[in-house]
Amino acid sequence: MLLRHTPTEIKERSALTVNPAKTCQPIGAMYAALGVHGCLPHSHGSQGCYAYHRSALTRHFKEPVVAATSAFTEGASVFGGQANLVQAIDNIFTVYNPEVIAVHTTCLSETIGDDVPQIVAKAKADGKVPEGKYVFHANTPSYVGSHVTGFANMTKAMVEYFAEANGLKSKTINLIPGYVEPADMAEIRRLATVMGITTIMFPDTAKVLNGPLTGKYKMFPEGGVTINELQKCGSSAGTVALGRIASMPAARALDAKCKVPCQILDLPIGLTATDAFVDTLRQTAGVSVPDAINLERGQLVDTISDWHQYLYGKRVAIVGDPDQVLALTRFLVGLDMRPVHIITGSPAGKKFEKSLRDAVAGVPDAVNIRVPGDMLLFHQWLKNDPVDLIIGNTYAKYIAKDEDIPLVRYGFPIYDRMGHSYFSTMGYRGALRLMEKILDAILDRKDRDADDITMELVM
Ligand code: SF4
């Protein structure tokens with residue numbers, strides 16, 4: 001009972017967060033930057049921040065996450081980090097030779113007010129940025145927002161720094177996948193490719209953070225969107241952005257800068273959201289949906305009808321990032337499950353909260369929603385009103401163990417299981433995998449609790 005001190009009685013707290021259901025902005029910025037080919041993320045702050053951000057990503061992906069730091073000491077903290085960053089840019093290009101450096105700020109460099117564009121301009125003027133190489137940046141102060149905000153800010157920076165309109169429109173569709181797994185990015189792109197659509201996806205961490213073990217270390221793996229592609233995305237026919245919180249800022253910035261119209265959709269989690277994604281691709285690119293995709297859809301519909309009886313009416317508690325939480329809630333409601341406790345740690349705004357409340361409007365039980373909320377409140381809700389299933393990241397396992405409720409690990413971070421980087425939960429195939437995980441958890445519990453008479457062989 002690691003969380004035995006969690007009180008059942010809920011007291012309203014306005015100025016105290018206990019066990020936040022989020023982490024800091026630079027982690028998301030670092031993750032997004034790794035989705036640019038040949039990019040070295042750079043943390044402009046102290047070594048402690050950078051070590052934490054790298055280790056969080058390394059533990060989740062089980063891959064060596066490379067990044068650099070301005071390594072602030074007391075002097076930089078007082079007098080500013082210009083000298084450190086200019087020196088770092090020089091060292092990084094000299095020693096590691098990346099195509100591009102993506103600088104993100106931290107609480108410390110934001111608090112002292114470092115002007116990163118001015119520092120980068122000085123580095124260029126001093127000849128520290130070689131010809132054909134790039135440096136771009138995003139402001140990611142961690143006392144506001146979350147890792148999802150940091151991801152959104154860095155993705156938007158890709159547009160602001162690189163996108164160009166050449167006056168002609170290509171048939172290419174831009175895909176902004178949101179803060180999802182490398183496998184999800186690959187699946188989103190695969191669906192578009194099967195439909196015969198040429199895409200530019202940014203960021204794209206597939207083959208970067210789920211690459212093969214070859215016996216030869218490659219500091220910059222083959223995956224990632226290239227700078228050339230980012231430059232061209234300003235001439236695409238349209239943008240499909242998945243997830244309002246993580247992807248909308250970049251999509252809107254591209255529309256404003258290069259007049260590329262955008263469609264903002266839910267993450268394609270589940271049947272309805274994937275239908276919307278496929279249909280939007282069909283309309284935007286002017287193509288038809290091939291039989292191969294209709295087959296995948298039909299298999300998902302068949303599975304839902306086969307197993308619906310075990311999902312119907314099951315009460316679920318969800319904690320995670322806002323785009324995932326909203327799409328997941330809609331998926332579960334579509335399966336006739338009942339999400340009754342829902343928390344996201346990211347401050348996602350009133351519009352998001354309204355969308356979430358609309359999504360559960362048909363659920364017959366009382367539904368608790370908190371945006372943003374913390375894991376303590378989530379646990380208290382579960383103590384007062386238990387559920388059949390928890391869906392959340394690794395940190396939810398302490399609550400699941402204490403309350404003896406099955407847990408499906410989903411979201412970021414997952415430190416204690418494998419599979420998330422390799423098996424997508426997006427699209428029709430991804431929905432099958434997600435249903436498999438949910439059903440396994442529910443049916444394993446059913447088997448565990450069955451006595452000798454009610455134990456069933458065939459489900
Ligand atoms: S919250 Fe701020 S100081 Fe702490 S690790 Fe994140 S960026 Fe660094």
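Read the numbers this way: they start at 1 and go in the same order the structure lists the ligands and their atoms. The basis for the numbers below is simple: all heavy atoms, side chains too, and nothing from hydrogens, waters or symmetry mates.
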Quiz prompt | Proximal protein residues to ligand 1, non-hydrogen atoms under 4.0 angstrom | solution = Cys24, Pro26, Cys49, Tyr52, His53, Thr106, Cys107, Ser142
Exercise. Give a yes or no on whether Arg13 atom CZ has more than 12 heavy-atom contacts from other residues, nucleotides or ligands under 6.0 Å away.
Key: yes
Quiz item: Parallel under 30°, tilted from 30 to 60°, perpendicular over 60°: which one fits the rings of His420 and His60?
Solution: tilted
Practice problem: Run the salt-bridge test on Glu187 and Arg190 with the 4.0 Å N-O cut-off and return the result as yes or no. | Solution: yes
Practice problem: Return the set of residues passing salt bridge (charged side-chain N to carboxylate O under 4.0 Å, His left out) with Lys62 (not counting sequence neighbours), or none when no residue passes. | Solution: none
Practice problem: For residues Ala276 and Leu265, report the shortest heavy-atom separation together with the two atoms involved. | Solution: O-CD1, 4.0 Å
Exercise. Carefully, step by step, assess Lys314 and Asp388 under the rule salt bridge (Lys or Arg N to Asp or Glu O under 4.0 Å).
Key: CA-CA 6 Å; Lys314 287 284 182 291; Asp388 300 299; 5.4 Å; no
